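Everything numeric in this text was worked out from a predicted model, so none of it was measured.
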Amino acid sequence: MELKKTFAAATMLAGTMTALSFMSAGAAQAQAQGELVMYCGVQEEWCRAMTTAFERETGIKVSMTRKSAGEVYAQVKAEAANPRADIWWGGTGDPHMQAAEEGLTVEYKSPKLGELQDWAVRQWEQSKQRTVGIYSGALGFGYNTDLAKSNNIAEPKCWADLLKAEFKDEVQVADPNSSGTAYTLLATIVQIMGEDKGFEYLKALHKNVNQYTKSGAAPAKAMALGETTAGIAFMHDIVTMVVDKAPVKVVAPCEGTGYEIGSMSLIKGAKNMDNAKKFYDWALTADAQKLGADAKSYQVPSNKSTPIPPQSPKLSDIKLINFDFAKYGSSAERKRLLSKWDNEVKNLPK
(Lines give C-alpha, C1' and ligand atoms only; values in the text may rest on other atoms or scores of the structure.)
Protein backbone atom coordinates (compact mmCIF):
# COMPACT_ATOMS: atom_id res chain seq x y z
CA MET A 1 0.00 0.00 0.00
CA GLU A 2 2.77 2.40 1.00
CA LEU A 3 4.62 1.50 -2.21
CA LYS A 4 1.53 2.45 -4.28
CA LYS A 5 1.25 5.81 -2.43
CA THR A 6 4.91 6.53 -2.99
CA PHE A 7 4.63 5.67 -6.69
CA ALA A 8 1.50 7.84 -7.06
CA ALA A 9 3.22 10.77 -5.34
CA ALA A 10 6.27 10.40 -7.53
CA THR A 11 4.08 10.29 -10.64
CA MET A 12 2.24 13.45 -9.56
CA LEU A 13 5.55 15.20 -8.80
CA ALA A 14 6.98 14.23 -12.17
CA GLY A 15 3.84 15.49 -13.89
CA THR A 16 3.98 18.75 -11.98
CA MET A 17 7.67 19.24 -12.81
CA THR A 18 6.98 18.50 -16.47
CA ALA A 19 4.12 20.99 -16.52
CA LEU A 20 6.29 23.61 -14.79
CA SER A 21 9.10 23.06 -17.26
CA PHE A 22 6.69 23.52 -20.17
CA MET A 23 5.32 26.68 -18.51
CA SER A 24 8.83 27.97 -17.91
CA ALA A 25 9.82 27.29 -21.52
CA GLY A 26 6.64 28.98 -22.72
CA ALA A 27 7.26 32.00 -20.53
CA ALA A 28 10.83 32.25 -21.77
CA GLN A 29 9.62 32.01 -25.36
CA ALA A 30 6.97 34.67 -24.75
CA GLN A 31 9.55 36.90 -23.11
CA ALA A 32 11.90 36.44 -26.07
CA GLN A 33 9.07 37.36 -28.44
CA GLY A 34 8.50 40.55 -26.49
CA GLU A 35 12.06 41.89 -26.49
CA LEU A 36 14.30 43.98 -28.71
CA VAL A 37 17.92 44.97 -28.18
CA MET A 38 18.85 48.21 -29.95
CA TYR A 39 22.13 50.07 -30.41
CA CYS A 40 21.26 53.73 -30.93
CA GLY A 41 23.55 56.25 -32.64
CA VAL A 42 21.73 59.58 -32.19
CA GLN A 43 21.38 61.84 -29.17
CA GLU A 44 20.26 60.20 -25.92
CA GLU A 45 16.98 62.16 -25.81
CA TRP A 46 15.94 60.95 -29.26
CA CYS A 47 17.00 57.38 -28.48
CA ARG A 48 14.80 57.39 -25.38
CA ALA A 49 11.86 58.95 -27.23
CA MET A 50 11.98 56.25 -29.92
CA THR A 51 12.30 53.49 -27.31
CA THR A 52 9.36 54.75 -25.25
CA ALA A 53 7.06 55.28 -28.24
CA PHE A 54 7.78 51.87 -29.76
CA GLU A 55 7.24 50.10 -26.43
CA ARG A 56 3.95 51.92 -25.95
CA GLU A 57 2.73 51.11 -29.45
CA THR A 58 3.77 47.45 -29.62
CA GLY A 59 4.24 46.18 -26.07
CA ILE A 60 7.73 45.02 -27.07
CA LYS A 61 10.31 45.74 -24.35
CA VAL A 62 13.35 47.55 -25.75
CA SER A 63 16.81 47.38 -24.22
CA MET A 64 18.66 50.40 -25.67
CA THR A 65 22.34 51.35 -25.57
CA ARG A 66 23.47 54.73 -26.91
CA LYS A 67 26.92 55.07 -28.49
CA SER A 68 28.59 57.00 -31.29
CA ALA A 69 28.45 55.41 -34.75
CA GLY A 70 32.08 54.29 -34.82
CA GLU A 71 31.72 52.71 -31.39
CA VAL A 72 28.57 50.84 -32.42
CA TYR A 73 30.30 49.51 -35.53
CA ALA A 74 33.25 48.27 -33.43
CA GLN A 75 30.89 46.56 -30.97
CA VAL A 76 28.79 44.91 -33.69
CA LYS A 77 31.99 43.62 -35.30
CA ALA A 78 33.37 42.35 -31.97
CA GLU A 79 30.09 40.54 -31.22
CA ALA A 80 29.66 39.04 -34.71
CA ALA A 81 30.09 35.44 -33.52
CA ASN A 82 27.42 35.92 -30.83
CA PRO A 83 25.36 39.06 -31.55
CA ARG A 84 23.87 40.78 -28.52
CA ALA A 85 21.86 43.40 -30.40
CA ASP A 86 19.08 43.06 -32.96
CA ILE A 87 19.01 46.46 -34.63
CA TRP A 88 21.33 49.43 -35.09
CA TRP A 89 19.34 52.65 -35.44
CA GLY A 90 20.93 56.01 -36.22
CA GLY A 91 24.42 57.35 -36.63
CA THR A 92 26.24 58.31 -39.81
CA GLY A 93 25.86 55.99 -42.77
CA ASP A 94 29.57 55.30 -43.38
CA PRO A 95 30.03 52.69 -40.62
CA HIS A 96 26.65 51.20 -41.54
CA MET A 97 27.94 50.84 -45.11
CA GLN A 98 31.14 49.25 -43.83
CA ALA A 99 29.16 46.80 -41.68
CA ALA A 100 27.02 45.93 -44.71
CA GLU A 101 30.09 45.26 -46.85
CA GLU A 102 31.57 43.03 -44.16
CA GLY A 103 28.38 40.97 -43.81
CA LEU A 104 27.62 42.13 -40.26
CA THR A 105 24.11 43.19 -41.25
CA VAL A 106 21.39 41.58 -43.38
CA GLU A 107 19.21 42.44 -46.38
CA TYR A 108 15.67 43.65 -45.80
CA LYS A 109 13.11 45.32 -48.03
CA SER A 110 10.63 47.23 -45.90
CA PRO A 111 7.10 47.82 -47.16
CA LYS A 112 7.68 51.47 -46.14
CA LEU A 113 10.50 51.94 -48.68
CA GLY A 114 8.18 53.68 -51.17
CA GLU A 115 7.50 56.46 -48.63
CA LEU A 116 11.15 57.54 -48.47
CA GLN A 117 13.20 60.28 -50.11
CA ASP A 118 15.40 59.22 -53.05
CA TRP A 119 18.63 59.68 -51.05
CA ALA A 120 17.38 57.27 -48.39
CA VAL A 121 16.53 54.62 -50.98
CA ARG A 122 19.91 55.11 -52.71
CA GLN A 123 21.60 54.31 -49.41
CA TRP A 124 19.62 51.05 -49.32
CA GLU A 125 20.52 50.23 -52.91
CA GLN A 126 24.24 51.01 -52.51
CA SER A 127 24.45 48.81 -49.42
CA LYS A 128 22.79 45.91 -51.28
CA GLN A 129 19.65 46.29 -49.15
CA ARG A 130 21.53 46.12 -45.84
CA THR A 131 21.06 49.68 -44.56
CA VAL A 132 18.54 52.44 -45.20
CA GLY A 133 18.55 56.22 -44.77
CA ILE A 134 16.49 57.59 -41.89
CA TYR A 135 17.63 61.24 -41.86
CA SER A 136 20.13 63.61 -43.41
CA GLY A 137 22.17 66.53 -42.12
CA ALA A 138 25.00 68.82 -43.21
CA LEU A 139 28.38 69.13 -41.55
CA GLY A 140 29.57 72.54 -40.39
CA PHE A 141 30.91 74.35 -37.39
CA GLY A 142 29.81 76.95 -34.92
CA TYR A 143 31.31 79.44 -32.54
CA ASN A 144 30.47 80.98 -29.19
CA THR A 145 29.69 84.62 -29.96
CA ASP A 146 30.44 85.81 -26.41
CA LEU A 147 33.90 84.18 -26.37
CA ALA A 148 34.69 85.40 -29.87
CA LYS A 149 33.78 88.95 -28.93
CA SER A 150 35.72 88.96 -25.65
CA ASN A 151 38.83 87.54 -27.37
CA ASN A 152 38.54 89.81 -30.45
CA ILE A 153 38.14 86.83 -32.80
CA ALA A 154 36.63 87.71 -36.19
CA GLU A 155 33.60 85.74 -37.33
CA PRO A 156 34.82 82.54 -39.01
CA LYS A 157 33.06 81.77 -42.28
CA CYS A 158 35.25 79.12 -43.91
CA TRP A 159 37.14 75.93 -43.00
CA ALA A 160 40.34 77.95 -43.59
CA ASP A 161 39.41 80.42 -40.82
CA LEU A 162 39.72 77.70 -38.16
CA LEU A 163 43.48 77.56 -38.86
CA LYS A 164 44.06 81.17 -37.78
CA ALA A 165 46.33 81.86 -34.80
CA GLU A 166 43.48 83.31 -32.73
CA PHE A 167 41.88 79.84 -32.66
CA LYS A 168 44.91 78.27 -30.93
CA ASP A 169 43.45 75.71 -28.45
CA GLU A 170 39.96 77.05 -29.23
CA VAL A 171 38.63 74.40 -31.64
CA GLN A 172 36.98 71.17 -30.58
CA VAL A 173 36.14 68.19 -32.80
CA ALA A 174 35.55 64.48 -32.25
CA ASP A 175 37.90 61.59 -32.97
CA PRO A 176 36.94 59.97 -36.31
CA ASN A 177 37.67 56.50 -34.92
CA SER A 178 34.73 56.73 -32.53
CA SER A 179 32.64 59.43 -34.17
CA GLY A 180 30.81 59.25 -37.48
CA THR A 181 30.61 63.05 -37.44
CA ALA A 182 34.39 63.39 -37.36
CA TYR A 183 34.87 60.72 -40.02
CA THR A 184 32.49 62.75 -42.20
CA LEU A 185 34.81 65.74 -41.61
CA LEU A 186 37.84 63.68 -42.61
CA ALA A 187 36.16 62.43 -45.80
CA THR A 188 34.78 65.90 -46.55
CA ILE A 189 38.13 67.69 -46.31
CA VAL A 190 39.80 65.04 -48.49
CA GLN A 191 37.08 65.43 -51.13
CA ILE A 192 37.15 69.24 -51.11
CA MET A 193 40.92 69.73 -51.06
CA GLY A 194 42.35 66.47 -52.37
CA GLU A 195 44.09 63.99 -50.08
CA ASP A 196 47.52 65.64 -49.81
CA LYS A 197 46.24 69.16 -49.19
CA GLY A 198 43.40 67.79 -47.07
CA PHE A 199 45.81 66.11 -44.67
CA GLU A 200 47.95 69.27 -44.57
CA TYR A 201 44.80 71.11 -43.49
CA LEU A 202 44.02 68.52 -40.80
CA LYS A 203 47.60 68.73 -39.48
CA ALA A 204 47.34 72.51 -39.26
CA LEU A 205 43.92 72.24 -37.59
CA HIS A 206 45.41 69.81 -35.04
CA LYS A 207 47.49 72.67 -33.62
CA ASN A 208 44.30 74.56 -32.76
CA VAL A 209 42.33 71.58 -31.39
CA ASN A 210 41.96 71.54 -27.60
CA GLN A 211 40.28 68.12 -27.43
CA TYR A 212 39.25 65.21 -29.65
CA THR A 213 35.98 64.09 -28.08
CA LYS A 214 34.40 60.63 -28.30
CA SER A 215 30.99 61.91 -29.40
CA GLY A 216 30.42 63.99 -32.52
CA ALA A 217 27.86 66.22 -30.81
CA ALA A 218 30.06 66.95 -27.78
CA PRO A 219 31.80 69.99 -29.38
CA ALA A 220 28.40 71.65 -29.85
CA LYS A 221 27.66 71.24 -26.13
CA ALA A 222 31.14 72.48 -25.19
CA MET A 223 30.58 75.62 -27.28
CA ALA A 224 27.24 76.25 -25.62
CA LEU A 225 28.85 75.95 -22.17
CA GLY A 226 31.70 78.30 -23.10
CA GLU A 227 34.34 75.55 -22.84
CA THR A 228 35.60 76.16 -26.39
CA THR A 229 35.18 79.02 -28.85
CA ALA A 230 34.61 76.88 -31.96
CA GLY A 231 33.27 73.39 -32.49
CA ILE A 232 32.97 71.21 -35.59
CA ALA A 233 29.76 69.14 -35.69
CA PHE A 234 26.70 68.48 -37.76
CA MET A 235 24.84 71.73 -38.10
CA HIS A 236 21.61 70.30 -36.66
CA ASP A 237 23.44 69.46 -33.41
CA ILE A 238 24.62 73.07 -33.16
CA VAL A 239 21.09 74.31 -33.92
CA THR A 240 19.91 72.41 -30.83
CA MET A 241 22.16 74.64 -28.72
CA VAL A 242 20.83 77.77 -30.45
CA VAL A 243 17.24 76.70 -29.76
CA ASP A 244 18.22 76.35 -26.09
CA LYS A 245 19.33 80.04 -26.17
CA ALA A 246 23.08 79.39 -26.05
CA PRO A 247 25.27 82.22 -27.47
CA VAL A 248 26.24 80.15 -30.48
CA LYS A 249 26.18 80.86 -34.23
CA VAL A 250 26.01 78.13 -36.88
CA VAL A 251 28.31 78.32 -39.92
CA ALA A 252 28.00 76.60 -43.32
CA PRO A 253 31.64 76.70 -44.52
CA CYS A 254 32.25 78.84 -47.62
CA GLU A 255 34.35 76.17 -49.38
CA GLY A 256 31.45 73.73 -49.24
CA THR A 257 30.78 70.84 -46.92
CA GLY A 258 29.81 67.20 -46.69
CA TYR A 259 26.68 65.69 -45.25
CA GLU A 260 25.50 62.49 -43.64
CA ILE A 261 22.75 60.02 -44.31
CA GLY A 262 21.90 58.63 -40.91
CA SER A 263 21.06 54.98 -41.31
CA MET A 264 19.44 51.88 -39.82
CA SER A 265 20.55 48.25 -40.12
CA LEU A 266 19.40 44.79 -39.01
CA ILE A 267 22.21 42.88 -37.29
CA LYS A 268 23.10 39.47 -38.71
CA GLY A 269 22.24 36.67 -36.28
CA ALA A 270 19.80 38.83 -34.30
CA LYS A 271 17.97 36.80 -31.67
CA ASN A 272 14.81 38.90 -32.03
CA MET A 273 14.76 39.43 -35.79
CA ASP A 274 10.97 39.59 -36.14
CA ASN A 275 10.80 42.37 -33.57
CA ALA A 276 13.76 44.09 -35.21
CA LYS A 277 11.85 44.16 -38.50
CA LYS A 278 8.78 45.55 -36.71
CA PHE A 279 10.93 48.37 -35.33
CA TYR A 280 12.57 48.92 -38.74
CA ASP A 281 9.20 49.34 -40.47
CA TRP A 282 7.83 51.53 -37.68
CA ALA A 283 10.95 53.76 -37.62
CA LEU A 284 10.43 54.59 -41.31
CA THR A 285 6.90 55.92 -40.73
CA ALA A 286 6.15 59.63 -40.69
CA ASP A 287 4.78 59.48 -37.13
CA ALA A 288 7.92 57.81 -35.76
CA GLN A 289 10.19 60.26 -37.57
CA LYS A 290 8.33 63.25 -36.10
CA LEU A 291 9.79 62.27 -32.72
CA GLY A 292 13.17 63.70 -33.77
CA ALA A 293 12.00 67.30 -33.69
CA ASP A 294 10.14 66.66 -30.43
CA ALA A 295 13.47 65.57 -28.93
CA LYS A 296 15.19 68.73 -30.30
CA SER A 297 16.99 66.82 -33.05
CA TYR A 298 16.72 68.82 -36.26
CA GLN A 299 17.88 66.45 -38.99
CA VAL A 300 15.95 66.25 -42.26
CA PRO A 301 13.72 63.12 -42.02
CA SER A 302 13.72 60.48 -44.77
CA ASN A 303 9.96 59.89 -44.91
CA LYS A 304 8.47 62.27 -47.48
CA SER A 305 5.41 62.89 -45.29
CA THR A 306 7.34 63.88 -42.17
CA PRO A 307 7.35 67.66 -41.72
CA ILE A 308 10.87 69.10 -41.84
CA PRO A 309 11.40 70.97 -38.55
CA PRO A 310 11.50 74.74 -39.19
CA GLN A 311 14.74 74.92 -37.17
CA SER A 312 16.52 72.44 -39.48
CA PRO A 313 19.35 73.85 -41.60
CA LYS A 314 18.05 74.35 -45.15
CA LEU A 315 20.11 71.91 -47.22
CA SER A 316 19.18 73.81 -50.39
CA ASP A 317 20.91 76.92 -48.99
CA ILE A 318 24.17 75.09 -48.15
CA LYS A 319 27.01 74.46 -50.60
CA LEU A 320 27.02 70.66 -50.39
CA ILE A 321 29.67 68.58 -52.09
CA ASN A 322 28.82 65.50 -54.13
CA PHE A 323 29.73 63.21 -51.25
CA ASP A 324 30.89 59.77 -52.42
CA PHE A 325 29.15 57.54 -49.87
CA ALA A 326 30.06 54.31 -51.67
CA LYS A 327 33.80 55.06 -51.63
CA TYR A 328 34.11 56.60 -48.18
CA GLY A 329 31.75 54.06 -46.65
CA SER A 330 33.80 51.14 -47.97
CA SER A 331 35.71 49.04 -45.46
CA ALA A 332 39.11 49.46 -47.13
CA GLU A 333 38.86 53.25 -47.53
CA ARG A 334 37.61 53.85 -43.99
CA LYS A 335 40.38 51.72 -42.51
CA ARG A 336 43.02 53.42 -44.68
CA LEU A 337 41.94 56.98 -43.92
CA LEU A 338 41.53 56.34 -40.18
CA SER A 339 44.95 54.72 -39.98
CA LYS A 340 46.50 57.62 -41.89
CA TRP A 341 44.79 60.15 -39.59
CA ASP A 342 46.06 58.30 -36.49
CA ASN A 343 49.61 58.20 -37.83
CA GLU A 344 49.88 61.64 -39.43
CA VAL A 345 47.54 63.85 -37.42
CA LYS A 346 46.45 62.59 -34.01
CA ASN A 347 49.92 61.76 -32.74
CA LEU A 348 51.50 65.04 -33.83
CA PRO A 349 52.78 67.38 -31.11
CA LYS A 350 50.82 70.61 -30.70
Side-chain angles (χ1 to χ4, degrees), residues 38-42 65 67-109 119-136 139 174-192 194-196 198-199 202 212 214-216 234 258-270 276 280 321-347:
M38 177 172 74
Y39 290 158
C40 186
V42 299
T65 300
K67 289 189 175 185
S68 293
E71 293 180 294
V72 175
Y73 162 75
Q75 187 161 355
V76 170
K77 188 175 179 68
E79 295 171 353
N82 184 26
R84 296 182 183 179
D86 305 306
I87 194 163
W88 173 8
W89 181 81
T92 54
D94 305 295
H96 282 270
M97 293 286 284
Q98 185 175 357
E101 183 186 339
E102 295 175 356
L104 300 174
T105 51
V106 295
E107 303 90 345
Y108 180 57
K109 184 176 182 179
W119 47 262
V121 178
R122 269 197 307 275
Q123 183 85 331
W124 178 76
E125 291 170 345
Q126 288 182 337
S127 68
K128 298 180 180 177
Q129 307 182 6
R130 289 179 175 174
T131 194
V132 68
I134 52 175
Y135 59 78
S136 183
L139 185 72
D175 185 317
N177 291 286
S178 62
S179 162
T181 305
Y183 179 76
T184 302
L185 171 67
L186 173 54
T188 292
I189 294 298
V190 166
Q191 289 175 86
I192 290 174
E195 187 163 326
D196 291 343
F199 268 84
L202 294 168
Y212 290 109
K214 185 181 288 187
S215 163
F234 283 116
Y259 63 102
E260 69 165 332
I261 296 177
S263 300
M264 171 171 60
S265 306
L266 297 171
I267 296 170
K268 186 177 182 179
Y280 191 112
I321 66 171
N322 186 17
F323 198 102
D324 192 339
F325 290 100
K327 178 179 179 179
Y328 292 96
S330 72
S331 179
E333 188 67 1
R334 274 181 56 83
K335 287 176 182 176
R336 187 185 71 80
L337 282 179
L338 289 171
S339 177
K340 186 170 182 175
W341 184 83
D342 284 341
N343 294 328
E344 297 187 17
V345 179
K346 187 178 184 180
N347 295 325

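- Side-chain N/O atoms of E102 and S331 include a donor and acceptor closer than 3.5 Å.
- Between the CG atom in D94 and the OH atom in Y183 there is a gap of 5.5 Å [rounded to 0.5 Å].
- Atoms CD and CD, from Q98 and E333 in turn, are 11.0 Å apart once rounded to the nearest 0.5 Å.
- Residue K268 places its NZ atom among 12 or fewer non-hydrogen atoms of other residues, nucleotides or ligands, all under 6.0 Å distant.
- When all heavy atoms of A174 and G216 are compared, the closest pair comes out as CB-CA, 3.8 Å.
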- Going through the distances and angles, do F325 and Y259 end up as a ring pair (Phe, Tyr, Trp, His ring centres under 6.0 Å)? CA-CA 10 Å; F325 290 100; Y259 63 102; 5.1 Å; yes

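- N347 CG: more than 12 foreign heavy atoms inside a 6.0 Å radius.
- Taking the ring axis of Y212 as reference, the NZ or CZ atom of K346 does not stay both within 45° of it and closer than 6.0 Å to the ring centre.
- Between S68 and S179 the shortest heavy-atom distance is CB-CA, 4.4 Å.
- Exactly one of W89, Y108, W88 qualifies for a ring pair (Phe, Tyr, Trp, His ring centres under 6.0 Å) with Y280. That residue is Y108.
- A heavy-atom distance below 4.5 Å is found between the side chains of V76 and Y39.
- Note that the CG atom of N177 and the CD atom of E71 stand 10.5 Å from one another [nearest 0.5 Å].
- A salt bridge links R336 with E195: the distance from a Lys NZ or Arg NE/NH1/NH2 to an Asp or Glu carboxylate oxygen falls below 4.0 Å.
- Proximity of Q123 to T131: side-chain heavy atoms (C-beta onward) are separated by under 4.5 Å at one or more points.
- Side-chain contact check for I87 versus L266: some heavy-atom pair is nearer than 4.5 Å.
- Of all the heavy atoms in W119 and I261, the pair that sits closest is O-CD1, 3.7 Å.
- For E344, there are no side chain to side chain donor-acceptor pair (under 3.5 Å) partners two or more places apart in sequence or in a different chain.
- In this structure, E260 CD and L139 CG are separated by 9.0 Å, a value rounded to the nearest 0.5 Å.
- Scanning both residues, Y135 and G91, for their nearest heavy atoms gives OH-N, 3.0 Å.
- Partners of R122 according to the side chain to side chain donor-acceptor pair (under 3.5 Å) rule, which considers only residues two or more places apart in sequence or in another chain, do not exist here.
- Listed for the S178 side chain is a donor-acceptor partner under 3.5 Å among the backbone atoms of K214.
- One finds the OH atom of Y328 at 8.0 Å from the CZ atom of F323 (value rounded to the nearest 0.5 Å).
- Annotation: side chain to side chain donor-acceptor pair (under 3.5 Å) contacts of D324 (sequence neighbours excluded): none.
- Nearest approach of G90 to V42, heavy atoms of both residues: CA-CG1, 4.0 Å.
- Under the side chain to side chain donor-acceptor pair (under 3.5 Å) rule, H96 has a single partner from S265, S127, S263, which is S265.
- Note: I321 CD1 to I192 CD1 = 5.0 Å, rounded to the nearest 0.5 Å.
- Between L185 and F234 the shortest side-chain heavy-atom distance does not fall below 4.5 Å.
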